Amino acid sequence: MPDDRTLDDQLAPSEPIDRSDDTPSYDRSTSLRAATAYARLLTRGPVRARIALATGVLCCLGLTAVAQGGRDGSVDPAPAAAPSALAERAEPDPASRSLERVAVSASPTRTADPDTTTPAPKKTTRRPVDPAPVVGLDNAQMENAEEIVRTGREMGMPRRALVIAVATAMQESNLYNVASGVLPESREYPHQGIGWDHDSVGLFQQRSSSGWGEVGDLMDPEFATRQFLSALARVPGWQQMRLTDAAQAVQISAYPEHYAKHEWRATKVVAACLEAGQ
């Protein structure tokens, strides 16, 4: 049988609500009565009317609940975002992070101020150089003269002794390291010519048979020079002698005056070697 009461009459509570205190009007009894009325509406009347009416009732009930909850604080506020969620929201976009990395890597590298950097001092030492040949000598002759001067300086011999030694080698071998044509062993060592004066070899044409040393040693320009200068140092008063007399005292040559003609050339050669730092 259709209910002729109005909507307000149908939703009105069967018992009056006491509003004398501050107790919220929305309680469980009110909700129960509203739900009962809603159920009656769904089972009576036309379909469209029932649906429309039910929708309106639900809206009213929702608003009423929100209003009552907001008034007494019974409705829980929205939960605070979890720390992880806040961190995710605070995390910048991956693209922006890559840009930051690029910006950091692109920053210039700090280098030392050139004005405050003191360069280490360079050590400068004069190195000996090969002097150009002088007085008509070729390169091989000049190199042999350099060896004589260098060896004499290592022995601590004075300049006069160096000139005597170079002049003697000019007369004996023309400043070439000469092997002996009659001593096949001498040709086994580096040499710059062949001589035929018995077993005489090397720059000073020293003979192994006379006690100057082994053939292989005498073919070494340094060894041969040391042998000559050591013998010269044992000659009494050689410093005051003429060059040809000092050389003859060592060499015991059949032509004692021939050494004198080489003195001026030997002097220039020794000077060139000393100036070059030999």
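Everything numeric in this text was worked out from a predicted model, so none of it was measured. All residue numbers in this chain count up from 1 along the given sequence. Excluded from the calculations below are hydrogen atoms, water molecules and symmetry mates; all remaining heavy atoms, backbone and side chain alike, are included.
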Which atom of [X] lies closest to which atom of [Y], heavy atoms considered:
X: His191; Y: Tyr189; result: ND1-O, 2.7 Å
X: Leu229; Y: Ala161; result: CD2-O, 3.8 Å
X: Asn139; Y: Pro133; result: OD1-CG, 3.2 Å
X: Met219; Y: Asn177; result: O-ND2, 2.8 Å
X: Met241; Y: Pro236; result: CE-O, 3.4 Å

- Task: Report the residues that fulfil side-chain contact (heavy atoms from CB on, under 4.5 Å) with Val134, sequence neighbours left out, ordered by chain and then residue number.
- Result: Met142, Val269, Ala272
- Message: Which residues pass the side-chain contact (heavy atoms from CB on, under 4.5 Å) test with Thr151, not counting sequence neighbours?
- Response: Glu147, Met155, Glu222, Thr225, Arg226
- Is Arg265 close to Leu137 at the side-chain level, that is, under 4.5 Å between some pair of heavy atoms? yes
- Query: Do Arg153 and Leu274 touch side chain to side chain, with heavy atoms closer than 4.5 Å?
  - Reply: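 Yes. Closest side-chain heavy atoms under 4.5 Å.
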Got a second to check how far [X]'s [atom1] is from [Y]'s [atom2], nearest 0.5 Å?
X: Ser180; Y: Leu218; atom1: OG; atom2: CG; value: 11.5 Å
X: Gln171; Y: Gln205; atom1: CD; atom2: CD; value: 10.5 Å
X: Ser173; Y: Asp197; atom1: OG; atom2: CG; value: 11.5 Å
X: Ile164; Y: Met157; atom1: CD1; atom2: CE; value: 8.0 Å
X: His198; Y: Ser208; atom1: NE2; atom2: OG; value: 13.0 Å

- Task: Report the residues that fulfil ring-ring contact (aromatic ring centres under 6.0 Å, His included) with Tyr259, sequence neighbours left out, ordered by chain and then residue number.
- Result: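 Partners of Tyr259 by the ring-ring contact (aromatic ring centres under 6.0 Å, His included) criterion come out as none, since no residue qualifies.
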- With His258, which residues qualify under ring-ring contact (aromatic ring centres under 6.0 Å, His included), at least two apart?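 Once residues adjacent in sequence are excluded, the partners of His258 under the ring-ring contact (aromatic ring centres under 6.0 Å, His included) criterion are Tyr255.
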- Item | Those residues that, when tested against Asn144, pass side chain to side chain donor-acceptor pair (under 3.5 Å) (two or more places apart) | Gln192
- Could you work out the complete set of other residues in the hydrophobic cluster of Trp196, with links drawn between I, L, V, M, F, W and Y side chains under 4.5 Å apart? Val182, Ile194
- For Val178, the other hydrophobic cluster members (4.5 Å side-chain criterion, sorted by chain and number) are Tyr176
Apply salt bridge (charged side-chain N to carboxylate O under 4.0 Å, His left out) to [X] and list each qualifying residue two or more places apart in sequence or on a separate chain.
X: Asp199; answer: Arg207
X: Asp245; answer: Arg242
X: Glu143; answer: none

- Do we see a donor-acceptor contact under 3.5 Å between the side chains of Gln206 and Gln227? no
- Task: With sequence neighbours excluded, give me every ring pair (Phe, Tyr, Trp, His ring centres under 6.0 Å) pair touching residues 151-174.
- Result: none
- Task: Kindly state each residue pair satisfying ring pair (Phe, Tyr, Trp, His ring centres under 6.0 Å) with at least one member in residues 205-248, sequence neighbours excluded.
- Result: Phe204-Phe228
- Message: Set out, in order, the CA-CA distance, both residues' side-chain angles and the distance that settles side-chain contact (heavy atoms from CB on, under 4.5 Å) for Leu243 and Arg160, then state yes or no.
- Response: CA-CA 9 Å; Leu243 182 145; Arg160 177 65 174 172; 3.7 Å; yes
- Task: Pick out which of Val163, Leu203, Leu162 makes a side-chain contact (heavy atoms from CB on, under 4.5 Å) with Ile148.
- Result: Leu203
- Task: Please answer whether the main-chain N or O of Asp138 pairs with a side-chain N or O of Gln141 as donor and acceptor at a distance below 3.5 Å.
- Result: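 Present.
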- Query: How far apart are the C-alpha atoms of Val201 and Leu183, what are their side-chain angles, what is the distance that settles it, and do they pass the side-chain contact (heavy atoms from CB on, under 4.5 Å) test?
  - Reply: CA-CA 9 Å; Val201 297; Leu183 194 62; 4.2 Å; yes
